[in-house]
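Every heavy atom of this structure was used, including side-chain atoms; hydrogens, water molecules and symmetry mates were not.
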Amino acid sequence: MCCGLFGIQIVWGLQNVNTSRIFQTLGADVNELAILWIAAPATGLLVQPIIGHLSDKTWGRLGRRRPYIFSGSILTAIALFLMPNVSTVWAASVMLWVLSASINVAMEPFRAFVADTLPEEQRTTGFAMQVFFIGAGAVFASALPWALTHWFGVSGQAAPGVLPKSVHAAFYVGGVSLLAAVMWTVFTTREHPPEALGDDRPGERLHRAPTPAGAAVLLKSGVLWVLGGLVVGVLAALGHWAREVYVLAAVAAGFGAAQLAAIWLRRRGHVSLGVLEVVEDILHMPRVLRQLAITQFFTWFGLFAMWIYTTPAVTARHYGAADAASAAYNRGADWVGVLFAGYNGVAALVALMLPALAARIGRRASHALCLGLGALGFLGFVLIDDPALLWIPIVGIGVAWSSVLSAPYAMLSSAAPSHKMGVYMGIHNLFLVIPQLVAATVLGPLVKYVFKGEAIFALGLAAAAFALAALSAFAIDDAGDRRPADRA
């Protein structure tokens, strides 16, 4: 069941390590990287809740979740084959949108797949096992360009404006590996039919429409979101703010419009709203999900800063190279790939120990501890001068990453009703991508004007974000941390 995540994470690993490298190779300035990266969170914001909603209502020959895993992986493989062959920044940006949308279709159902299949007492271990496969896939992908160069003699150098052959080969290998791993999961697993997924939380009611009070909340919320988006958009236009702000304004206004549309359709007597039902599910989301939102905001703000700026930070700070065509830059970029492989490898190994730690001190405290170690890891990038010693902070980041990929999903699966597991896993993703959109909006100006173009300080900001995430984790009311008598 988890094998397909090995292939899924190969894609994320290739994207996280090489996207900034591709953009800089094609001529993008370091201050433009944040807006160019915005495709990843923007597509996740739209795709994952919709796929979660649709998969909750799907049943066919391939089951409930597997049709989306199957089709999404094929689209993703095609995008992987095309991505390294782009020749302009504009084309690379378009392909990043396509790649991000496709991989979100394939990835979203995996979390609900585990929650559907495993009983409550096995879910922490199930999500930890997912992290093991995720970590293994990311190790493979992150180190692939370096390994192709040093072990197989594939050239890691290229003319200005051209990607090295090692990057091309890495994307091709990644596409084939993705298909092999995902198809193994699709064709060797089975799913429980919807009628077998009885809700194990007595008293949980299926809601078809919000109460009058809930409708009033949605109406007020919708108006405020639309007005807020419009105000931000107008201020951005008048003040000539960065382009990222327009994306954030459009997302806010669109979310508000969706809420207003749902209320309008209900008042006209519509029983089914299709995907607009997601906004009503947001109104009814479990309290744990609301609490997780705060922790996830700081966590994913810091992670997005890492993915965007580690390559330019390490190449500039530790290798003294700003020219993407230079040999020093490519050595630094390859080393970042190895470091990213390192933190994912640590995550894979730590995942096997997290269930025991969570059983001893609770999932909430375990998650806070891991996030605190991640904060120290990011701080290490700022303080350590020798690139050969950067493996030390990578250990802390790897421990945090292991918990980030498992603990929140285990907490949510204990609180979400089984008939809404897919959509709530998708809604949870909103709280991962919103901080990434905020990061894409503010990090560019911060690096340019406050940090004077020194990307290394973006990793210092990530350290502060993870410290705040660790503190906020103690406020999560996790049902899994209660005694059985308390949960009864």
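Sparse packing is recorded around CH2 of W184, with 12 or fewer heavy atoms of other residues, nucleotides or ligands lying under 6.0 Å away. The neighbour count for F255 CZ, taken as heavy atoms of other residues, nucleotides or ligands under 6.0 Å away, is above 12.
A donor-acceptor pair under 3.5 Å is absent between the side-chain atoms of S55 and the main chain of R65, judged by distance alone. S402 places no side-chain N or O within donor-acceptor distance of the main-chain N or O of V399, the cut-off being under 3.5 Å. In this structure, the side chain of E191 engages the main chain of R66 through a donor-acceptor pair within 3.5 Å. Proximity of a side-chain donor or acceptor of S20 to a complementary backbone N or O of I308 within less than 3.5 Å is detected. Under a 3.5 Å cut-off, the side chain of Q48 and the backbone N or O of N429 do not form any donor-acceptor pair.
Rounding to the nearest 0.5 Å places CD of E280 at 10.5 Å from CD1 of I282. To the nearest 0.5 Å, the span separating CG on N104 from OG1 on T43 amounts to 5.0 Å. The distance from atom CD of Q130 to atom CZ of F113, rounded to the nearest 0.5 Å, is 10.0 Å. To the nearest 0.5 Å, atom OG1 of residue T295 and atom CE of residue M411 are 8.0 Å apart. I69 contributes atom CD1, which lies 7.0 Å from atom OG1 of T189 (distance to the nearest 0.5 angstrom). How far CZ of R363 is from OG of S403: 10.5 Å, rounded to the nearest 0.5 Å.
The closest side-chain heavy-atom distance from K452 to V447 is not below 4.5 Å. Between I8 and I134, the closest side-chain pair of non-hydrogen atoms is not below 4.5 Å. With contacts defined as side-chain heavy-atom distances shorter than 4.5 Å, the pair F140/I10 qualifies. Using a 4.5 Å heavy-atom cutoff, the side chains of L443 and L461 are in contact. Contact annotation: the side chain of F133 never approaches that of Q9 to less than 4.5 Å [non-hydrogen atoms, C-beta and beyond]. Side-chain atoms of L303 and M306, non-hydrogen and from C-beta on, do get closer than 4.5 Å to each other. Within the 4.5 Å cutoff, no side-chain heavy atoms of Q291 are placed close to those of R364. The shortest side-chain heavy-atom distance between H318 and I456 falls under the 4.5 Å cut-off.
Nearest approach of A469 to S472, heavy atoms of both residues: O-OG, 2.9 Å. Between T185 and C2 the shortest heavy-atom distance is OG1-C, 4.4 Å. Nearest heavy atom pair, residue P435 against residue L432, reads CG-O, 3.2 Å. Nearest heavy atoms, F23 versus S93: CE2-N, 3.7 Å. Nearest heavy atoms, G229 versus A249: O-CB, 3.3 Å. Contact record, H367 with A473: CD2-CB, 4.3 Å, taken as the closest heavy-atom pair.
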Task: Derivation of the side-chain contact (heavy atoms from CB on, under 4.5 Å) call for L371 and F298 - done: CA-CA 10 Å; L371 292 174; F298 293 117; over 6 Å; no
Open item on the list: Quick one, Q259 with W225, criterion side-chain contact (heavy atoms from CB on, under 4.5 Å). Give me CA distance, side-chain angles, the key distance, then yes/no.
Closed with: CA-CA 9 Å; Q259 295 176 73; W225 277 96; 3.4 Å; yes
TODO: Could you please spell out the steps behind the side-chain contact (heavy atoms from CB on, under 4.5 Å) verdict for Y424 and H428?
DONE: CA-CA 6 Å; Y424 279 126; H428 172 253; over 6 Å; no
- [ ] Given side-chain contact (heavy atoms from CB on, under 4.5 Å), test T76 with V182 step by step and report yes or no.
- [x] CA-CA 11 Å; T76 302; V182 169; over 6 Å; no
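Sorted by first and then second residue, the side-chain hydrogen bond (donor to acceptor under 3.5 Å, both in side chains) pairs with a member in residues 373-390 read R317-D385; sequence neighbours excluded. Evaluation of the side-chain hydrogen bond (donor to acceptor under 3.5 Å, both in side chains) test over residues 371-384, restricted to residues two or more places apart or in two chains, returns none. Counting only residues at least two apart or on different chains, the ring-ring contact (aromatic ring centres under 6.0 Å, His included) pairs with a member in residues 376-400 are F378-F466. Residue pairs that meet the salt bridge (Lys or Arg N to Asp or Glu O under 4.0 Å) test with at least one member in residues 389-402, sequence neighbours left out, do not exist here.
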Indicate every side-chain donor-acceptor pair of residues 334-359 with a distance under 3.5 Å to a residue at least two apart or in another chain.
residue : atom : partner : partner atom : Å
D334    : OD1  : R21     : NH1          : 3.0
D334    : OD1  : R21     : NH2          : 3.4
W335    : NE1  : P387    : O            : 2.9
Y343    : OH   : W307    : NE1          : 3.2
N344    : OD1  : W401    : NE1          : 2.9
N344    : ND2  : F340    : O            : 2.8

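Under the 4.0 Å criterion applied to side-chain N and carboxylate O atoms, R111 and D116 are not assigned as salt-bridge partners.
The salt bridge (Lys or Arg N to Asp or Glu O under 4.0 Å) search around K220 returns none, not counting sequence neighbours.
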